[in-house]
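All values below come from the heavy atoms of this structure, side chains included, with hydrogens, waters and symmetry mates left out.
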Amino acid sequence: MTRTIVASATREIVIGFDQPFCVIGERINPTGRKVLNEELERGDFSRVKTDAISQTEAGATVLDINSGAVFSNMMAQDPRYADNNFVEPILMPKLIETVQSVVDTPLCIDSSVPGALEAGLQTAKGRPLVNSVTGEEERLEKVLPLIKKYNVAVVAISNDDTGISEDPDVRFAVAKKIVQRAADFGIPAHDIVVDPLVMPIGAMATAGHQVFTLVRRLREELGVNTTCGASNISFGLPNRHGINNAFLPMAYAAGMTSAIMNPVALPVGPTKIAEKKAEVEAAGIMLPPDMDDETFVKLFGLGSTKPRPGKEMEAIRAANFLLNQDTGGAAWINFNRDPGAAPRGRNREGRRSRG
């Protein structure tokens, strides 16, 4: 049975066909997050700590650490900052040290810069996952020696020098090539986690069917674990959570063993709370003057003022239970327990009493 081991200094995670689904938290990534990017440029890592803690508490079993920042202000002072080959090897160790200072969650070192990958591998404790290698010749020659040198696992993305093919057979062939080339370096298939590249269902009607078929082939023919960027499937569509919630359990049942995703439902902010209160007052509904914001947002179904597990995590927890990766449903029950509720009692035999 294929088992990919990822570990921190104190905690080991197994990615495998007989294991609960592995959630790789994606939020520590300055790409597309303007506020985080600006904070990192100022040397402020407080949001990184918050994201590491909130994702772990929401159920992420691995944390992706991406160093792809663009430091525009520093670039104006020093032209070297225009080059990611200069920026990322400096930033990556700082990100990893920050995360390791607040959680013991295993890490996934994410960069397109080989120097940043090695700087991360030198800093990370335990056995991190590396994201990523592709089928491009230059990438294979630069990344695979690092994987062998540090004895770690790697995400293999199914594109090569020709780009990303819409043909799933081509993407399978690229994955097979990477597995074979890795073997030439002495890297076993169980240390390869293939990303078959999920296409947006809004742009390609067969995207879902393609990936389910491809994941089965990767499992049965290559014996490798798989992952994906979970939100890619719903890109550009309304109610993305609804699509993601259906996609993840279906991919899991087809053989996918992990996904890079956001496990956190972001807190409701003061602007939205104020807007809803105005709406409620306009409807003539009188609220107790001492009602706090958390009670208010829960009462009116807005969510929470605190980070909490997202809907996708609910779907994954349910899938773990349904696929017999949650013995007795203990994790599902705990996931759905009201944090403010008193614990239920147990009878003499240890069975939970009804209640």
Side-chain angles (χ1 to χ4, degrees), residues 6 13 15 20-37 39-40 45-69 95-96 98-99 102-103 105-111 128-129 131-132 155 157 193 195 197-202 211 226-252 256-269 272 297 302-320 331 335:
V6 185
I13 295 296
I15 304 173
F21 195 79
C22 175
V23 174
I24 303 172
E26 69 179 7
R27 286 190 55 74
I28 304 174
N29 184 344
T31 307
R33 293 187 70 191
K34 183 179 179 181
V35 174
L36 176 60
N37 194 100
E39 289 176 350
L40 294 178
F45 290 80
S46 58
R47 192 177 301 269
V48 173
K49 291 182 179 180
T50 299
D51 284 341
I53 293 168
S54 64
Q55 289 184 105
T56 298
E57 290 180 346
T61 40
V62 175
L63 295 179
D64 189 83
I65 312 294
N66 185 291
S67 56
L95 291 169
I96 290 174
T98 299
V99 172
V102 292
V103 296
T105 312
L107 304 181
C108 177
I109 303 170
D110 184 357
S111 177
L129 179 64
N131 188 11
S132 60
V155 174
I157 301 179
V193 181
D195 181 346
L197 292 172
V198 175
M199 305 294 186
I201 191 75
V211 76
T226 46
T227 194
C228 71
S231 63
N232 289 356
I233 192 71
S234 62
F235 181 78
L237 293 174
N239 189 14
R240 297 185 67 183
H241 292 297
I243 294 173
N244 297 344
N245 292 352
F247 169 75
L248 282 163
M250 292 175 75
Y252 185 13
M256 187 169 283
T257 47
S258 67
I260 301 169
M261 54 178 281
N262 177 16
V264 181
L266 299 182
V268 183
K272 190 168 185 179
V297 297
L302 298 181
S304 175
T305 59
K306 306 169 185 176
R308 68 196 194 288
K311 283 293 184 181
E312 287 85 349
M313 290 303 300
E314 181 177 294
I316 287 169
R317 299 285 190 182
N320 281 334
F335 179 76

Chemist: Between Phe21 and Tyr252, what is the shortest heavy-atom contact and its length?
Modeler: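 Shortest heavy-atom separation between Phe21 and Tyr252 comes out as N-OH, 3.4 Å.
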Chemist: Examine distances only and state if a side-chain atom of Ser258 and a backbone atom of Thr226 form a donor-acceptor pair shorter than 3.5 Å.
Modeler: yes
Chemist: For a quick test of reading the model, state the closest non-hydrogen atom pair linking Ala52 to Val103 and the distance between them.
Modeler: O-CG1, 3.8 Å
Chemist: Check the pair Ile201 / Phe247 against side-chain contact (heavy atoms from CB on, under 4.5 Å), numbers first and verdict last.
Modeler: CA-CA 10 Å; Ile201 191 75; Phe247 169 75; over 6 Å; no
Chemist: Can you tell me how far apart CG (Asn239) and CG (Asn244) are? Round to the nearest 0.5 Å.
Modeler: 9.0 Å
Chemist: Looking at Leu95, Val99, Ile24, which one forms a side-chain contact (heavy atoms from CB on, under 4.5 Å) with Leu107?
Modeler: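 So the option named by the test is Val99.
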Chemist: Nearest 0.5 Å, please: how far is SG in Cys228 from CD1 in Ile233?
Modeler: 8.5 Å
Chemist: Using the salt bridge (charged side-chain N to carboxylate O under 4.0 Å, His left out) criterion, which residues pair with Lys49? Sequence neighbours excluded.
Modeler: none
Chemist: Examine distances only and state if a side-chain atom of Arg47 and a backbone atom of Leu36 form a donor-acceptor pair shorter than 3.5 Å.
Modeler: no
Chemist: Taking all atoms of both residues into account, what is the closest heavy-atom pair of Asp64 and Asn131, and its distance?
Modeler: OD1-ND2, 3.5 Å
Chemist: Salt bridge or not for Arg317 and Glu314, using N-O below 4.0 Å?
Modeler: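 Salt bridge absent between Arg317 and Glu314.
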Chemist: Distance from Lys306 atom NZ to Ser54 atom OG, nearest 0.5 Å?
Modeler: 14.0 Å
Chemist: I need the minimum non-hydrogen distance between Ala230 and Leu248, along with the two atoms involved.
Modeler: CB-CD2, 3.8 Å
Chemist: Do the side chain of Arg33 and the main chain of Arg27 share a donor and acceptor less than 3.5 angstrom apart?
Modeler: yes
Chemist: So which heavy atom on Asn245 is nearest to which on Ala315, and how close?
Modeler: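 Scanning both residues, the minimum pair turns out to be O-CB, 3.6 Å.
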Chemist: Can any side-chain N or O of Ser304 pair as donor or acceptor with the backbone N or O of Pro267 at less than 3.5 Å?
Modeler: no
Chemist: Is there a side-chain contact between Val48 and Leu40, using heavy atoms and a 4.5 Å cut-off?
Modeler: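 A side-chain contact under 4.5 Å exists here.
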Chemist: Any side-chain heavy atom of Pro309 within less than 4.5 Å of one from Phe335?
Modeler: yes
Chemist: Please examine the side chains of Arg240 and Ser231, heavy atoms only from C-beta on, and report whether any two atoms are closer than 4.5 Å.
Modeler: yes
Chemist: Compare all side-chain heavy atoms of Arg308 with those of Met313 and state whether any distance is below 4.5 angstrom.
Modeler: no
Chemist: Report the distance from atom CG of Asn66 to atom OG1 of Thr31, rounding to the nearest 0.5 Å.
Modeler: 4.5 Å
Chemist: Calculate, to the nearest 0.5 Å, the distance between atoms CD1 and OG belonging to Ile65 and Ser111 respectively.
Modeler: 12.0 Å
Chemist: Does a sphere of radius 6.0 Å around CZ in Phe235 hold more than 12 heavy atoms from other residues, nucleotides or ligands, not counting ones at 6.0 Å or beyond?
Modeler: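 At most 12 heavy atoms, drawn from other residues, nucleotides or ligands, come within 6.0 Å of this atom.
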Chemist: Any idea which heavy atoms bring Ala69 and Asn37 closest together, and the distance?
Modeler: CA-OD1, 3.4 Å
Chemist: Got a sec, which residues hit ring pair (Phe, Tyr, Trp, His ring centres under 6.0 Å) with Phe45, two or more places apart in sequence or on another chain?
Modeler: none
Chemist: Examine distances only and state if a side-chain atom of Thr227 and a backbone atom of Asp195 form a donor-acceptor pair shorter than 3.5 Å.
Modeler: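 Side chain of Thr227 to backbone of Asp195: no pair is present.
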Chemist: Can you check whether Thr61 reaches Pro106 side chain to side chain, under 4.5 Å on heavy atoms?
Modeler: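 Not touching, per the 4.5 Å side-chain cut-off.
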Chemist: Donor-acceptor check, side chain of Gln55 to backbone of Glu26, threshold 3.5 angstrom: yes or no?
Modeler: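 Flag set: sc Gln55 to bb Glu26 pair under 3.5 Å.
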